[in-house]
Amino acid sequence: MTSVTESKWVGRSIRRREDPRLLVGAGKYIADYSIPGMAYLHVVRSTHGHARILNIDISKAEDYPGVVAVITGQEVADAMKPMLVSSIIPNLGGELQIPTVYPLAIDKVQWVGDPIVAIIAESKYIAEDAAQLVEIEYEKLPVLTDPEEAMKPDAPKIYDNWKDNMLWKGQLASGDVDKAFKEADYVLSERFYGHRTGAAPMETRGAVASYDEFTGLTIHVNTQRPHILRMAISQIMSMPYDKVRVIAPKDVGGAFGTKAPIYREELLISYIAMKLRRPVKWVENRMESLMTIGQERDQIHYLELAVTKEGKIIGLRDRLIADSGDGRIGVYLGFVMPWLGAAYLSNAYDIPNVQIDVSCVVTNKPSLTPSRAFGEFPGRFAMDYAMHLVARELKLDPRDVFEKNIIKQFPHVTATGITHDSGDYEGAFRTLIEALDYDRVRQEQAEARKNGRLIGVGFAMGAEMSGLGSQIFVPMENQPGYGAATVKIDTHGMIQVFEGDSPQGQGHETTLSQVVADELGVTMDDIYISYGDTFVTPFASGTLGNRGASYTFSAAVLACRKLRPKIQQIAAHLLGVESDGNDFTFANKEIVWKKDPSKKIALRDIADAAILGPTKLPRGMEAGLEATAYFEADIAGMLSIGVHGAVVEVNPDTGDFKILRYVVVDDCGVPINPMIVRGQVHGGVVMGMGNARFEKYAFDEAGQPLSTTLMEYHMPSAADVPDIEVIEYNVPTPYTPLGSKGKGEGIPGPVPATLASAITDALNIPGFKILNLPITPESIWRSINEAKVPT
Amino acid sequence: MKVNGTYDIPANAITTYELLTDPDVLVRTMPGLKSLKSIGDNHYEAELEVGISVVKGRYKGTVKLEDEIAGEQFRLVMNGQGPLGFVEMNMFVQLEQTSDQQTKVHCEGEASVGGVVAGIGQRMMSGVASMLMGQFFTAMRKEASKAKNAS
Amino acid sequence: MQPIQEAQQTVGNGMKTIQVRVNGKIAKKEVPIRMLLVDFIREELALTGTHVGCSVEGRCGACTIVLNGDAVKSCLMLAVQADGADIMTVEGLGTTDKLHPIQQGFWEKHGLQCGFCTPGMMMSVYNLLKTTRHPSIDEIRDALVGNLCRCTGYEHIIQAVQYAADQVAAMSKEERDEIFSY
Amino acid sequence: MYPATITDYMAPTTLDECIQLLEQHGSQAKLIAGGQSFVPLLKLRMTDTSIVIDINRIIELQEFGEKNISQKRILRLGALTKHKTLATHPLVVSKYPILSDAAKFIGDVQVRNRGTIGGSLVHADPAADLPVPILVLDSTLRIVSREGERTVSADDFFLGIMMTVVEQNEILVNIDIPAPLPGTGAAYYKCCAVYGDFAIISVGASVTMTDDSCDSSRIYVGGVYPSPQRAVQTEAFLQGKAITDDILQQAADILADEIPVETDMRATAEYRRILLKEHGFKVLSKAIKRAKEDNI
């Protein structure tokens with residue numbers, strides 16, 4: 001499948017159409033919504049990591065002037081089903097224990113931040129005043145913060161009715177792993193730990209809900225998946241589907257996965273709006289946000305690689321233990337991320353024999369929530385850094401070890417069942433090696449060493465999902481993987497595109513316009529994009545996992561292609577020429593007869609006939625010009641490669657290091673807008689650097705979160721990160737109409753192994769290894785000491 | 001968070017013990033302790049205002065004395081809950097009389113703070129704890145001198 | 001511009017009247033003393049381009065405004081403290097018809113993705129370019145420490161600032177004074 | 001996160017007026033200068049302040065510049081002197097560079113535009129940047145109340161975590177910094193996890209040199225509890241010594257040993273000593289380099 005129209009818009013770095021409104025301060029984010037008569041919600045949360053609630057005294061809060069209502073858990077629970085209804089529970093096999101959860105805690109709290117009381121007041125200031133007056137009596141219970149402790153048979157149970165603390169347990173395996181390990185010349189065996197960190201978008205969560213008995217519930221909420229949320233609310237609250245309307249704002253201040261789950265507050269505010277018959281607004285504060293969302297990674301990998309002496313990996317065994325937190329979020333339950341991390345563990349490498357045992361354990365922390373590089377971050381670190389350790393152990397150049405193992409034939413199905421559709425991973429890797437000037441860096445390294453300077457080079461790869469087809473998405477999230485779009489030509493010949501997804505800064509208004517403009521031979525200004533409103537857009541799973549350029553935009557292309565024959569038939573009819581429905585070109589907002597280009601007609605005139613003047617249509621033709629399409633790729637999975645390389649200089653006295661160069665070679669199939677793709681790569685790398693080096697959700701032994709402000713959760717600023725060089729190495733996929741693939745999700749993934757391998761290379765100390773994230777100067781300094789004094 | 005320390009009190013062990021377990025003295029000496037109301041044997045309802053300088057949190061809770069052996073040892077169990085979260089302390093106190101006018105007070109315990117303060121004040125927490133302990137024993141020494149002068 | 005007068009009126013009951021000039025327009029309003037300046041700007045003046053991202057300590061910088069010529073964080077001030085102040089918010093920077101070179105730079109160089117941090121970010125850039133004609137990359141990075149962005153990785157923001165700096169450098173003094181009048 | 005009700009707000013324009021207000025309102029009232037630390041406390045409701053006295057309009061707190069006081073040359077910094085001024089003013093940068101070193105480390109541009117030296121010193125966060133150079137430079141702080149005024153040396157100013165000698169009814173008016181003696185150089189450095197963060201440790205040093213020999217020094221370490229600590233042993237070690245890199249390395253070792261450091265989320269005590277060693281050396285070297293430049 002290739003495009004039949006001449007490409008005029010796709011592939012160009014066009015300035016974004018959404019920017020003017022954002023640049024003059026006219027963007028409309030959730031906090032900017034207000035409805036007359038609106039009250040404000042504030043949530044009182046647990047200050048204990050694990051405790052029974054003995055008593056809640058809300059009397060003083062209720063009496064406080066300006067308070068509209070104070071609501072506790074049982075009342076909310078009585079009004080709905082337990083939140084984790086079957087449509088938002090994954091179907092991944094294995095052994096799953098499902099926690100019961102309602103919007104507010106009733107008799108027990110499981111983590112610091114667990115919502116307990118809802119206060120609704122006339123102003124947000126008053127709501128917080130009243131929150132100070134709520135008195136909650138707790139009886140403390142033992143707190144579990146370590147998943148390995150929580151797995152022990154004698155560990156106290158977090159959920160009384162469970163048989164143990166195992167949320168989900170399963171295995172991904174294929175091939176003869178035992179044989180591979182028996183035949184191996186060398187077995188690498190290490191414990192890797194990727195700490196709890198994640199996305200933390202600049203805009204926190206928020207919602208404005210209103211209700212009346214005729215139109216039902218309308219909730220504006222900065223979710224990534226309005227349609228799924230609508231479905232969930234309708235089912236959990238037993239409301240007719242037509243009485244639930246979810247609208248995601250046009251402008252959402254970043255999400256990176258954190259706004260994809262179904263959250264308790266979304267059900268809570270829906271209930272409150274219904275109960276009070278008043279619009280209610282809730283904007284999560286940063287402290288709540290850092291206590292609740294964006295906490296991901298947090299995996300332990302007991303990784304073993306069976307390797308030949310030439311450096312070929314013939315077997316992989318891993319015991320993955322994930323700290324899932326309380327696991328009580330819809331769609332993901334705190335275990336889908338580690339599951340996918342396991343499925344993607346072998347990354348871009350051809351490893352025939354694999355066995356991964358995954359244990360997702362509940363602890364007294366908030367549930368893991370998706371964060372960019374969904375589940376992959378710790379695994380990428382473990383796998384790619386392990387390959388560098390293998391190279392060192394076997395005295396091979398890591399470049400050769402990587403080249404030997406990179407997937408070369410496409411499509412390729414991994415031992416964990418992941419399909420790599422197409423690409424040239426080896427070419428991308430070699431391009432990176434060239435861009436790094438690898439051999440020269442090695443010479444410079446030797447020179448620098450003579451002067452006491454320790455320079456090192458490292459690299460890692462990341463094959464990232466570019467959307468997930470239904471074959472994976474249905475079991476994984478109980479949702480379709482297809483992209484959905486409606487293309488509608490209006491009475492003025494302008495084109496309205498409705499997408500089922502709902503972006504948060506990815507620039508769909510620009511890129512989707514570029515795609516449609518090419519298909520219908522118009523300019524981008526002739527196109528307007530609608531998204532977010534579940535009452536008008538086609539059903540789809542939301543903007544996540546690189547779906548856009550793979551699935552959603554492909555659906556828009558298909559919708560255009562559905563319209564084209566009808567447009568041509570009308571054109572032929574109006575021009576009075578014979579046509580088989582495929583002998584016109586679309587250009588300059590006109591439909592031109594290929595046989596005689598003087599015979600042409602404006603798209604606007606066709607729209608006019610189809611919509612306003614149906615008498616002008618061919619006999620029997622249905623009026624209107626619109627089409628909806630659902631795109632599903634003819635392959636189980638599409639992935640795209642990114643190869644990262646870094647040159648660093650390390651101070652061995654303090655462990656401090658400086659990134660001298662950071663280079664990314666990136667493939668996104670056909671870039672619709674290369675400038676936007678580069679922006680995704682830059683942002684992904686910096687998020688990876690923040691996660692790998694600075695950011696950490698820390699807890700004390702009582703489960704108290706210690707990173708509840710941005711002074712403690714260290715997201716990098718402009719001064720903390722280096723320049724990032726991006727080199728395009730694009731290989732169009734044959735599985736989408738434009739050859740495009742989504743980009744952005746997986747980019748943080750290769751960062752930790754890239755940095756760790758470069759640091760290890762610079763230090764050149766036998767036995768030195770980085771096994772734990774984050775990589776801080778102190779952790780490097782410690783590892784140096786450990787390597788120097790073998791225990 | 002571990003809270004350990006050894007402090008000198010210019011009094012013998014019996015007097016020191018009495019001072020350290022006397023609710024009236026505690027209200028005077030313990031930083032932030034506003035009131036103690038007996039609700040049982042060595043069990044009190046407490047109002048606390050813990051903090052330093054302008055930074056303060058109000059807590060309501062209980063103070064309990066356990067494992068007490070007069071003149072030798074006791075355990076102080078405190079907890080408070082308030083709008084900012086909670087404070088808790090469980091401290092074992094041992095007295096070692098070094099002369100008839102001098103007793104060493106060995107404190108070994110755990111303190112924990114939960115809620116807003118835990119997240120904001122972590123970097124200062126152990127410093128604040130040792131500062132508050134210092135303030136407490138400074139005040140206690142004054143009480144001991146006062147007791148001596150009175151006797 | 002003429003200095004504006006403070007209202008300096010106590011209304012009682014925890015309220016006070018203040019007078020500020022925001023983006024050239026004078027506003028006189030009664031506000032609760034505890035109201036944060038950012039809430040005054042967003043909710044009383046309906047200028048919602050100034051954002052709140054960190055709620056507590058001001059680390060994120062999304063609420064940055066220019067107050068009496070300096071970039072400051074409007075979530076770290078009470079509205080009453082701004083009595084008599086001259087304020088510029090993103091809404092005063094330029095219009096879609098006539099974008100400020102800073103806005104133009106962010107547009108041309110794709111200096112924004114979700115756009116949430118952008119208004120505050122541009123206020124800090126304003127603070128930089130007002131006094132620094134040809135900032136180095138390090139100077140730009142340092143000037144932006146107080147504004148966190150989660151989308152762009154800063155690379156395109158730095159290019160945007162360089163673009164804007166070049167535009168400003170090519171202007172006459174009069175033109176510069178006009179676009180840096182706060 | 002929003003402040004609790006504040007019942008009254010005043011913005012006095014004179015020191016007298018301010019002192020009267022302090023007297024009148026007692027412990028309910030709190031002075032606000034830049035507010036960069038205080039407004040977050042209000043939002044967190046971690047303070048029970050109900051009356052706010054905004055001192056930003058008080059003329060007497062705005063002095064800035066060198067002057068002679070009883071025949072001594074000093075730099076006078078009014079309490080309202082902004083971090084921005086310290087970071088960028090040519091007088092500070094050229095003659096008191098340790099102050100601009102430290103000020104540049106404070107938060108970010110916006111915080112420096114609004115935050116004041118008086119506010120920072122009285123807030124007395126142990127990890128703050130300005131206490132160290134103020135101690136290193138042997139400054140004198142003038143404090144005024146209704147009873148009159150008193151001056152306190154920087155060494156006596158800090159009492160503990162967020163505690164200073166400034167009483168509830170008092171106000172810090174200005175800080176006098178003696179002009180450096182000939183042959184003196186001073187420098188400051190802060191180690192932090194990310195730009196604008198609190199200190200893991202910070203080091204400030206002033207060294208007075210005659211030729212290659214150290215006459216005297218003042219060395220302080222910040223980011224330790226309860227307030228910045230003076231490195232008396234290191235100072236004693238350096239006194240009278242001809243300075244070489246080797247001597248400085250030894251001095252840094254002593255520094256790392258003598259300062260009590262603790263473990264927290266940002267670093268362990270052990271690692272703090274490593275940083276002290278590394279940056280103690282660098283800061284001393286820089287101070288000495290500046291001292292030598294001054295001698296030229």
Spell out, as yes or no, whether a donor-acceptor pair under 3.5 Å connects the side chain of B/Gln81 to the backbone of A/Glu135. no
How about [X]: does its [atom1] atom have over 12 heavy atoms from other parts shown lying under 6.0 Å from it?
X        : atom1 : result
B/Lys104 : NZ    : no
A/Lys108 : NZ    : yes
A/Lys124 : NZ    : yes
B/Gln101 : CD    : yes
B/Arg58  : CZ    : no

To the closest 0.5 Å, what do you measure between [atom1] ([X]) and [atom2] ([Y])?
X        : Y        : atom1 : atom2 : answer
A/Gln132 : B/Leu84  : CD    : CG    : 6.5 Å
B/Arg123 : A/Leu706 : CZ    : CG    : 13.0 Å
A/His48  : B/Ser112 : NE2   : OG    : 8.5 Å

Under a 4.5 Å heavy-atom cut-off, does chain B meet the side chain of A/Glu712, its backbone, both or neither? side chain
Measure A/Leu133 against the heavy atoms of chain B and call it side chain, backbone, both or neither at under 4.5 Å. neither
Heavy-atom pair of closest approach, residues B/Ala118 and A/Gln704: CB-OE1, 3.8 Å
Worked check of side chain to side chain contact (heavy atoms under 4.5 Å, CB included) between B/Glu110 and A/Glu701: CA-CA 12 Å; B/Glu110 278 284 332; A/Glu701 64 280 10; 4.3 Å; yes
Please test B/Ile120 against A/Met287 for side chain to side chain contact (heavy atoms under 4.5 Å, CB included), starting from the C-alpha separation and ending with a verdict. CA-CA 10 Å; B/Ile120 298 291; A/Met287 203 175 252; 3.4 Å; yes
